[in-house]
Visitor: 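Take a look at the following structure, please.
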Amino acid sequence: MKELIDKTLLIESIEFNGSIIELKERFRNEKDQKFILEWFSENEFKILSKISLGTLISNSNPGLFDGIKGYGKLTELQSGKTKIDLKTKLRVELYFTVIIPILAIIVSLLSGKETPLWSIFVFPFITLWFWSILRYQERILFRKFINYINPK
């Protein structure tokens, strides 16, 4: 099951040409970021998209949900560079698009009503649709972060 979940996550690694301290200084000094950065610890952080069309959330007004986000971990390398591992987590919205249809089918079977054949096929499609929209926005967020770290 873990292998299946890992395949649904977006995972990337990049290197910053400098130490962790230099990277943190860059975040403190430059305010032209196209994302929001929240630190959990000395080496772990969360990046949030400032606006998320797929989840209809704007992170300029913090609320209950974060919207499109990724998680990062910093590792200082022997060469004086910093490795940045970026990763997403399985989104709660995907759980709902899987669980609700299964519950609906179970309820219809227990109540003796016939389950429409189209509903069995439509819900996996909806799950894949939402996952692809969220993945696309997560990729955009990671690109913004990577382009900020290593500008061209």
Side-chain angles (χ1 to χ4, degrees), residues 1-106 119-152:
M1 185 65 160
K2 184 177 178 352
E3 294 87 23
L4 180 64
I5 291 173
D6 283 345
K7 288 182 181 183
T8 64
L9 304 178
L10 180 59
I11 300 172
E12 291 192 36
S13 288
I14 61 168
E15 286 186 6
F16 172 70
N17 195 15
S19 68
I20 292 176
I21 294 170
E22 292 170 328
L23 179 61
K24 286 185 173 186
E25 277 299 313
R26 182 168 183 186
F27 284 126
R28 267 192 286 278
N29 294 333
E30 293 183 27
K31 299 300 177 193
D32 189 29
Q33 300 169 354
K34 296 182 179 179
F35 52 86
I36 298 168
L37 188 73
E38 293 180 5
W39 291 95
F40 293 129
S41 67
E42 287 297 313
N43 297 345
E44 294 180 348
F45 59 90
K46 175 170 53 172
I47 51 174
L48 300 157
S49 180
K50 287 189 175 181
I51 189 161
S52 167
L53 298 176
T55 57
L56 299 174
I57 292 176
S58 170
N59 281 320
S60 58
N61 299 321
L64 184 59
F65 299 103
D66 287 335
I68 301 300
K69 62 187 167 205
Y71 298 88
K73 184 176 181 180
L74 306 176
T75 307
E76 198 150 331
L77 303 175
Q78 298 264 341
S79 62
K81 294 182 178 186
T82 301
K83 180 180 176 189
I84 305 168
D85 294 315
L86 299 172
K87 178 179 179 176
T88 59
K89 292 185 179 179
L90 197 58
R91 298 193 56 93
V92 69
E93 295 93 337
L94 294 177
Y95 286 119
F96 288 122
T97 60
V98 170
I99 292 171
I100 290 173
I102 292 171
L103 290 176
I105 291 169
I106 291 171
S119 67
I120 294 171
F121 294 106
V122 108
F123 289 116
F125 175 75
I126 290 171
T127 302
L128 288 173
W129 174 257
F130 279 116
W131 176 78
S132 65
I133 290 172
L134 294 169
R135 172 55 44 90
Y136 178 73
Q137 291 184 81
E138 290 167 344
R139 285 187 194 277
I140 290 172
L141 175 62
F142 279 20
R143 287 296 132 234
K144 288 178 182 177
F145 182 82
I146 290 169
N147 289 339
Y148 179 81
I149 297 298
N150 296 321
K152 294 178 182 178

Visitor: Out of curiosity, N150 CG to I84 CD1, how far, rounded to the nearest 0.5 Å?
Guide: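 N150 atom CG to I84 atom CD1 measures 7.0 Å (nearest 0.5 Å).
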Visitor: For L103, does the CG atom sit with more than 12 other heavy atoms under 6.0 Å from it, leaving out its own atoms?
Guide: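 It does: L103 CG has more than 12 such atoms within range.
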Visitor: Looking at side-chain heavy atoms only, is the closest gap between Y71 and K69 below 4.5 Å?
Guide: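 Counting from C-beta outward, Y71 and K69 do come under 4.5 Å.
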Visitor: Checking the side chain of N43 only, and the main-chain atoms of T75 only, is there a donor and an acceptor separated by less than 3.5 Å?
Guide: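 No.
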Visitor: For residues I20 and E42, report the shortest heavy-atom separation together with the two atoms involved.
Guide: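 Here I20 and E42 meet closest at CG2-O, 4.5 Å.
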Visitor: My understanding is that only residues two or more places apart in sequence, or in another chain, count here; which of them pass side chain to side chain donor-acceptor pair (under 3.5 Å) with K83?
Guide: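 Partners of K83 under the side chain to side chain donor-acceptor pair (under 3.5 Å) test: none.
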Visitor: What pairs with F16 under ring-ring contact (aromatic ring centres under 6.0 Å, His included), at least two apart in sequence or on another chain?
Guide: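 Here no residue qualifies.
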Visitor: Quick check: do E25 and E22 have side-chain heavy atoms less than 4.5 Å from each other?
Guide: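 Not touching, per the 4.5 Å side-chain cut-off.
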Visitor: Tell me whether the count of non-hydrogen atoms from other residues, nucleotides or ligands lying under 6.0 Å of NZ in K73 goes above 12.
Guide: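 Incorrect, the count does not exceed 12.
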Visitor: Are the side chains of K34 and R143 in touch, meaning some heavy atoms are under 4.5 Å apart?
Guide: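 Side chain of K34 against side chain of R143, heavy atoms only: no contact under 4.5 Å found.
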Visitor: Strictly distance-based, threshold 3.5 Å: is any side-chain N or O of S19 a donor or acceptor partner for the main-chain N or O of G80?
Guide: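 Between the backbone of G80 and the side chain of S19 there is no qualifying donor-acceptor contact (under 3.5 Å).
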Visitor: For the atom pair OG1 (T82) and CD1 (I149), what is the distance rounded to the nearest 0.5 Å?
Guide: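 With rounding to 0.5 Å, OG1 (T82) is 9.5 Å from CD1 (I149).
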Visitor: As an exercise, state the distance from CD of E38 to CD1 of I47, rounded to the nearest 0.5 Å.
Guide: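 Result: 11.5 Å between the selected atoms.
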Visitor: Could you report the tightest heavy-atom contact between S41 and K24, atom names first, then the distance?
Guide: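 Closest approach of S41 to K24: O-NZ, 4.5 Å.
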Visitor: Angle class for the F27/Y148 ring planes (parallel below 30°, perpendicular above 60°, tilted otherwise)?
Guide: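 Geometry flag for Y148 against F27: parallel rings.
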Visitor: I need the single residue from L86, I68, I146, T88 that forms a side-chain contact (heavy atoms from CB on, under 4.5 Å) with L141. Which is it?
Guide: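 Only one option passes, and that is I68.
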Visitor: Is it the case that atom CH2 in W129 sees more than 12 heavy atoms from other parts of the structure closer than 6.0 Å?
Guide: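 No - once you tally the heavy atoms of other residues, nucleotides and ligands closer than 6.0 Å, there are 12 at most.
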Visitor: Which residues pass the side chain to side chain donor-acceptor pair (under 3.5 Å) test with R139, sequence neighbours left out?
Guide: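 Checked R139 against side chain to side chain donor-acceptor pair (under 3.5 Å); zero matches.
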Visitor: Only counting residues at least two apart or in another chain, list the ones meeting side chain to side chain donor-acceptor pair (under 3.5 Å) with S132.
Guide: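 For S132 there are no side chain to side chain donor-acceptor pair (under 3.5 Å) partners, ignoring immediate neighbours.
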Visitor: Determine, for E138 against K89, whether the closest basic-nitrogen to carboxylate-oxygen distance falls under 4.0 angstrom.
Guide: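 Looking at K89 together with E138, the answer is no, because their closest N to O distance does not fall below 4.0 Å.
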Visitor: Go through the structure and list residues passing ring-ring contact (aromatic ring centres under 6.0 Å, His included) with W131, not counting sequence neighbours.
Guide: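 For W131, no residue satisfies ring-ring contact (aromatic ring centres under 6.0 Å, His included) once neighbours in sequence are set aside.
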Visitor: For F40, is the CZ atom crowded, meaning more than 12 foreign heavy atoms sit under 6.0 Å from it?
Guide: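 For F40, atom CZ is crowded (more than 12 foreign heavy atoms under 6.0 Å).
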Visitor: Among all residues two or more places apart in sequence or in another chain, which pass the ring-ring contact (aromatic ring centres under 6.0 Å, His included) test with F142?
Guide: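 Residues passing ring-ring contact (aromatic ring centres under 6.0 Å, His included) with F142: none at all.
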